[in-house]
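These notes are about the structure you will find just below.
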Amino acid sequence: ANAPVNITVTGAAGNIGYALLFRIASGALLGPEQRVNLRLLEIPQAVKAAEGTAMELFDSAFSTLGSVDIFDDPKQAFEGANIAFLVGSMPRKAGMERSDLLSANGGIFGPQGEALGAGAADDIKVLVVGNPANTNALIAASHAGDIPASRFTAMTRLDHNRALAQLAAKAGCHVSEIDKVTIWGNHSTTQYPDLTHATIKGEPITDILADRAWVEDDFIPTVAKRGAAIIEARGASSAASAASAAIDHVRDWCLGTTSAWTSAAVMSDGSYGVPEGVISSFPCTAENGEWKIVQGLEIDDFSRAKIDASAAELAEEKNAVAAMGLI
Ligand code: NAD
Ligand code: LMR
């Protein structure tokens, strides 16, 4: 059998953590043959709650679970990590300015990036889920020493899955029959869910794309604002669907994508005019443990403006954290 894979999850006692840990431990991430060791990182006040979750993991007697360890020190939690899910973050509270949020998260993701650089395994793969995910990932990457920036990614897979679900409902097809949907840009309301290249059973969706009212006034805002709609309905932000998307992202990264492409926020190399050095969502494939941005897609004027607007927001966030000395 393969050696166990060490997986660190931050914010382990939170809502997403509660859904995510059981999926990882049950083999949904790396398959039924791969044993995983879980390393949970929490703030000291939440360690007791994390211990409760660890008791439930123990009680589940998963055949794929090796060990569970709990830490309140990032240096220890990331020691030997092969995969890190950075879920814990400072959520926006009433009366908080965006700059307060960015600086509070700088205090979390800077030290976590450093701890990853100091102790993670050579093949470390990092997914940032905690918001603002793209810029938190950038902060972590910029503190991580020798770890290549390509190992730091942010989650737009939930937005991608939401787009598939909306299109399937519109077309009356199954989500599994859809391919070539893209989320571009930031995990925020400026994101651009792009159906231009989408196919259903391999065929272009010409009639659906011709319905501009549906695409522009229904589909795009529904996907971009779905996070807020879930908060409104549940009284808490999406948790199980976010955990499920995190599993999809890291499973594809480790084992390879099985569709034409998916969406992942990765370090921009300037592709499609997105400024170099921001972590932006692109159409991506994964092979041999590396994400690659799909090249050569035609971008029409409508898409151009939407991609540029979200890229501009990412550049602004980058400038803001740079001005605060966080990157
Ligand atoms: P939650 O408040 O239930 O849990 C967050 C946990 O993080 C808490 O247990 C808290 O103690 C812990 N935490 C805080 N600071 C920490 C630190 N420095 N180190 C370790 N742990 C720390 O929140 P949740 O519902 O699990 O959501 C977590 C984050 O994910 C939020 O920022 C949320 O906005 C974000 N989110 C992102 C997406 C996405 O698609 N990218 C989707 C849903 C939610
Ligand atoms: C989501 O997309 O569900 C979350 O990012 C929303 C949020 O603000 O937590």
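We count ligands from 1, going down the list as the structure has it; atoms in each ligand are counted the same way.
Taking the charged nitrogens against the carboxylate oxygens, D301 and R304 have no contact shorter than 4.0 Å, which rules out a salt bridge.
Looking only at heavy atoms of the protein, atom 34 (O) of ligand 1 is closest to N131 ND2, 2.8 Å. Closest protein heavy atom to atom 6 (C) of ligand 2: G227 CA, 4.0 Å. The shortest contact between atom 37 (C) of ligand 1 and any protein heavy atom is with V129 O, 2.9 Å. For atom 32 (O) of ligand 1, the nearest protein heavy atom (residue, atom name, distance) is S89 OG, 2.6 Å. Counting only heavy atoms of the protein, atom 11 (O) of ligand 1 lies nearest to E42 OE1, 2.7 Å. The protein atom (non-hydrogen) at minimum distance from atom 17 (C) of ligand 1 is I43 CG2, 3.7 Å. Protein heavy atom at the shortest distance from atom 29 (C) of ligand 1 is V87 O, 3.3 Å. Of the protein's non-hydrogen atoms, the one nearest atom 27 (O) of ligand 1 is I16 CD1, 3.4 Å. If you check which protein heavy atom lies closest to atom 2 (O) of ligand 1, you get P91 CG, 4.9 Å.
Not close to ligand 2: R234, with no non-hydrogen atom less than 4.0 angstrom away. Ligand 1 has S237 within reach: a non-hydrogen atom of the residue lies less than 4.0 Å from it. Within the structure, ligand 1 has Q112 among the residues with a heavy atom less than 4.0 angstrom away. At least one heavy atom of H187 sits closer than 4.0 Å to an atom of ligand 2. Distances shorter than 4.0 angstrom occur between a heavy atom of N131 and an atom of ligand 2.
Every atom of ligand 1 with a heavy atom of L158 under 4.0 Å away is listed here by number and element: 40 (O), 42 (C). Atom numbering of ligand 1 starts at 1 in the shown order; those under 4.0 Å from a heavy atom of I108 are 15 (N), 18 (N). Residue A242 has at least one heavy-atom neighbour below 4.0 Å for each of these atoms of ligand 1: 42 (C), 43 (C). Counting atoms of ligand 2 from 1 in the listed order, those under 4.0 Å from a heavy atom of R162 are 1 (C), 2 (O), 3 (O). Which parts of ligand 1 touch H187 is read off a 4.0 Å heavy-atom cut-off, strictly below it: atoms 38 (C), 39 (C), 40 (O), 41 (N). Close approach of ligand 2 to S238 is summarised as follows: ligand atoms under 4.0 Å from at least one heavy atom of the residue are 1 (C), 3 (O). Counting atoms of ligand 1 from 1 in the listed order, those under 4.0 Å from a heavy atom of A13 are 9 (O). Heavy-atom proximity to S237, at under 4.0 Å, picks out these atoms of ligand 2: 9 (O).
T199 and D179 are not linked by any side-chain donor-acceptor pair at a separation below 3.5 angstrom, with hydrogens and angles left out of the test. Side chains of Y18 and E56: a donor-acceptor N/O pair is present below 3.5 angstrom, by distance only. Under the 3.5 Å distance criterion, with hydrogens and angles disregarded, a donor-acceptor pair is assigned to the side chains of S244 and R23. With hydrogens and angles left out, the side-chain atoms of N131 and N136 include no donor and acceptor closer than 3.5 Å. There is a side-chain donor-acceptor pair under 3.5 Å between W261 and T182. A donor-acceptor contact closer than 3.5 angstrom links the side chains of N186 and E313. At a cut-off of 3.5 Å, with distance as the only test, a side-chain donor of S303 or D300 sits close to an acceptor on the other residue. Judged by distance alone, the side chains of H249 and T153 do bring a donor and an acceptor atom under 3.5 Å apart.
Within 6.0 Å of the CD atom in Q295, the count of heavy atoms belonging to other residues, nucleotides or ligands exceeds 12. For D122, the CG atom is loosely surrounded, since the number of other residues' heavy atoms within 6.0 Å does not exceed 12.
At least one side-chain heavy atom of L30 sits less than 4.5 Å from a side-chain heavy atom of I83. A heavy-atom distance below 4.5 Å is found between the side chains of I205 and L167.
Classification of the F282-Y272 ring pair by plane angle, with boundaries at 30° and 60°, yields tilted.
On a distance-only criterion, G11 and ligand 1 share at least one N/O pair closer than 3.5 Å. Some N or O of N15 is nearer than 3.5 Å to an N or O of ligand 1, by distance alone.
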